[in-house]
2 protein chains.
Amino acid sequence: MTRVLVVDDEPAIARALTINLRARGYDVRTAPDGARALAEAASHKPEVVVLDLGLPDMDGREVIAGLRGWTGVPVLVLSGRSDSLDKVEALDAGADDYVTKPFEMDELLARLRELVRRAAPSGAELPVVELESVTVDLAARRVTRDGDDVHLTPTEWHLLEELLRHPGRLQTQARLLAEVWGPGYETAQGNLRLYVGQLRKKLEREPARPRHLLTEPGMGYRFEP
Amino acid sequence: MTRVLVVDDEPAIARALTINLRARGYDVRTAPDGARALAEAASHKPEVVVLDLGLPDMDGREVIAGLRGWTGVPVLVLSGRSDSLDKVEALDAGADDYVTKPFEMDELLARLRELVRRAAPSGAELPVVELESVTVDLAARRVTRDGDDVHLTPTEWHLLEELLRHPGRLQTQARLLAEVWGPGYETAQGNLRLYVGQLRKKLEREPARPRHLLTEPGMGYRFEP
DNA sequence: CAGCGGCGTTAGGAGTCCGTCAGGACGGTC
DNA sequence: GACCGTCCTGACGGACTCCTAACGCCGCTG
């Protein structure tokens, strides 16, 4: 279920968006201002953000900058003004798309789908990853090993997803920590080691000598298909 | 037509260079001192600069600094003295290659061609570098040799990256040490030799007779694609 | 021919990073 | 209020990386 964070200070719009998105199967959370939006994003890791530019406490660009500091989550900007200046500024600040209020719900939903699809290219290309005796179905959130289901905690999922999404490429510990744990956890390497260990125990045939979840000492980890 | 700026206060040398370069199809302009060299470079944007270090008005490093302040144009240094100190200083200041007077015209032309050729894809980053049997993927942080993975330590990566980033250009030991080990390690040349040796052992077919990680005695190292 | 400086290589110890285990805190459910 | 799963912290061997020192080699110089 796709997690989407709606940031808007007008309850009417927030509620309308929530209802429509829930009806389409999204997992919706809302935040009424920039500060709570950043806190919410850090704790629940949405896969896409809908951001109203007219917030009471922060400028829209500041919110985007706060997100871009640690995550590449796609951001869809909502603007009350049709004038194009703030649109350019928002896109410059790192937004991914733009919709002007009043907006057609259908158009917003279409752009949202597009953003999610674009942000998960490998997820769309490889929804299922096959290892020797383990099958990982990213879309269905399911892992089987020798036919039996394997249970993964949310954090384990998030970490595994981050690794599988870039097969063969080294992911630095700083990047993994920022993506999975959010900002402020850049120094919690012990945590990372712990969860990599758990994933290996659940997925690798010989956890002591991993063949797919590889360590690059001093740099990070790499998923080898 | 490639624009070349020749900076030399000796008319004989300037004329000889002009004739030879024009014969090869270069668009040549000359400047007899540092001040006019900078003015000429600013107005005509040469694609490569040949710079004599023994100018009457400015030190060679000042000229290079004046260029580097606003352009990355490759600079080939001409040095009158075989004493290597001024050459090292010029290279540290940002020069890309050097030739000692008296020089062979053929050698100078060859080095000039190399500099122009390598500067052509300026700004474009090269994520993967192919050697004979070795592939270096900077983005994925991965090296393969005859299909097998080659493991590099963080320091080896850092050094290799610094060399690969300036193909064909000479990197002084001081520059490499400062980039990889940070300030304060300018005197640890033993360290540099050690890691260059390790890279050669891992990447070169004949580590004793390297073909890509070349030594310039007294100067530094050069990556030859 | 001896002396010298720069380069390449080897070996060993100090320090850092990694994997693992156990224990406690937090939040949600019944 | 008790239970359970999940998450985080700290501590400990072990593996890896890094740096230093020393030696042999080569080209150059006096």
Side-chain angles (χ1 to χ4, degrees), chain A residues 29 39-40 42-45 141 149-160 163 170-174 176-177 179-182 184-204 206-222, chain B residues 81-85 87-88 100 141 149-160 163 170-174 176-177 180-182 184-204 206-222:
Chain A
R29 287 179 166 264
E40 180 66 27
S43 61
H44 279 85
K45 315 286 161 28
R141 289 272 144 121
D149 276 13
V150 177
H151 176 68
L152 266 58
T153 73
T155 305
E156 288 165 4
W157 260 115
H158 209 138
L159 176 58
L160 179 63
L163 287 167
L170 181 134
Q171 304 292 105
T172 66
Q173 343 184 22
L176 289 172
L177 283 166
E179 277 299 326
V180 178
W181 278 270
Y185 278 80
E186 289 82 4
T187 59
Q189 295 115 320
N191 237 320
L192 190 54
R193 281 179 262 161
L194 182 67
Y195 277 89
V196 171
Q198 300 216 349
L199 282 179
R200 287 210 256 249
K201 198 181 298 179
K202 292 183 177 179
L203 303 180
E204 291 277 2
E206 296 180 82
R209 241 175 299 113
R211 302 195 51 215
H212 302 104
L213 271 32
L214 306 181
T215 298
E216 298 278 349
M219 300 197 286
Y221 294 90
R222 182 199 308 277
Chain B
R81 290 168 291 176
S82 61
D83 154 15
S84 67
L85 181 58
K87 283 182 291 190
V88 173
T100 308
R141 273 277 193 295
D149 278 12
V150 178
H151 178 73
L152 265 57
T153 71
T155 306
E156 289 164 2
W157 262 114
H158 209 139
L159 176 59
L160 179 64
L163 287 168
L170 174 54
Q171 302 292 105
T172 66
Q173 311 167 356
L176 290 172
L177 283 165
V180 178
W181 279 270
Y185 277 79
E186 288 82 3
T187 59
Q189 293 116 323
N191 235 318
L192 189 54
R193 278 178 268 163
L194 178 68
Y195 277 91
V196 171
Q198 302 224 351
L199 282 179
R200 288 210 256 247
K201 196 182 301 178
K202 292 183 177 179
L203 302 181
E204 292 278 2
E206 295 181 82
R209 242 169 283 113
R211 302 193 49 209
H212 302 104
L213 270 32
L214 307 182
T215 299
E216 298 275 343
M219 302 268 109
Y221 295 90
R222 180 199 306 270

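The chains referred to below are lettered A, B, ... by the order of the sequence lines, with proteins before strands, and numbering in each begins at 1. We use all heavy atoms of the structure for the numbers below, so side chains are in, but hydrogens, waters and symmetry mates are not.
Note on A:Glu216: nothing from the nucleic acid sits closer than 4.0 angstrom, heavy atoms only. Using a 4.0 Å heavy-atom criterion, one finds that A:Glu156 contacts no nucleic acid atom at all.
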Query raised in the report: side-chain contact (heavy atoms from CB on, under 4.5 Å) between A:Leu163 and A:Leu176: does it pass, once the steps are laid out?
Result: CA-CA 8 Å; A:Leu163 287 167; A:Leu176 289 172; 4.2 Å; yes
- prompt: When you look at B:Leu152 and B:Leu199, which way does the side-chain contact (heavy atoms from CB on, under 4.5 Å) test go after all the steps?
  reply: CA-CA 8 Å; B:Leu152 265 57; B:Leu199 282 179; 4.1 Å; yes
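Atom CD of B:Gln189 is separated from atom P of C:dC7 by 7 Å (rounded to the nearest Å). We find that CG of A:Leu199 is positioned 16 Å from P of C:dC18, with the value rounded to whole Å. Between B:Met219 atom CE and C:dG5 atom P the separation is 17 Å, expressed in whole Å. Here C:dT10 presents its P atom at 15 Å from OH of B:Tyr195, a figure rounded to the nearest Å. Note: CG (B:Leu192) to C1' (C:dC7) measures 11 Å, nearest angstrom. Straight-line distance from the CD atom of B:Gln198 to the P atom of C:dC7: 18 Å, rounded to whole Å. Rounded to an integer number of Å, the gap from CZ of B:Arg209 to C1' of C:dG8 is 14 Å. Rounded to an integer number of Å, the gap from CG of A:Leu177 to C1' of C:dC18 is 14 Å.
Rounded to 10 degrees, the angle separating the terminal helix axes of the helix from C:dC1-D:dG30 to C:dC30-D:dG1, each built from five base pairs, is 20°.
Of the residues near DNA chain C, B:Lys201 and A:Gln173, the one whose nearest nucleotide (by heavy atom distance) lies more toward the 5' end is B:Lys201.
Atom CG of A:Leu160 sits about 7.0 Å away from atom CG of A:Leu213, to the nearest 0.5 Å. For the atom pair CG (B:Leu177) and CD (B:Gln171), the distance works out to 12.0 Å, reported to the nearest 0.5 Å. Atom OG1 in B:Thr215 sits 10.5 Å away from atom CZ in B:Arg193 (nearest 0.5 Å).
B:Thr155 and B:Trp181 make their closest contact through CG2-CZ2, 3.7 Å (heavy atoms, listed as atom of the first residue, atom of the second, distance).
Taking side-chain N and O atoms only, B:Tyr221 has a distance below 4.0 Å to OP1 or OP2 of C:dG8. Considering only side-chain N and O atoms, A:Arg200 lies under 4.0 angstrom from the phosphate OP1 or OP2 of C:dG19.
Using a distance-only test at 3.5 Å, with no hydrogens or angles considered, no donor-acceptor pair links the side chain of A:Lys201 to the main chain of A:Pro207. Using a distance-only test at 3.5 Å, with no hydrogens or angles considered, a donor-acceptor pair links the side chain of A:Glu204 to the main chain of A:His212.
For the pair B:Arg141 and A:Glu216, the salt-bridge criterion is not met [side-chain N within less than 4.0 Å of a carboxylate O].
Boundaries of the chain B contact region on DNA chain D are D:dT17 to D:dT20, first to last in 5' to 3' order (nucleotide atom under 4.0 Å from a heavy atom).
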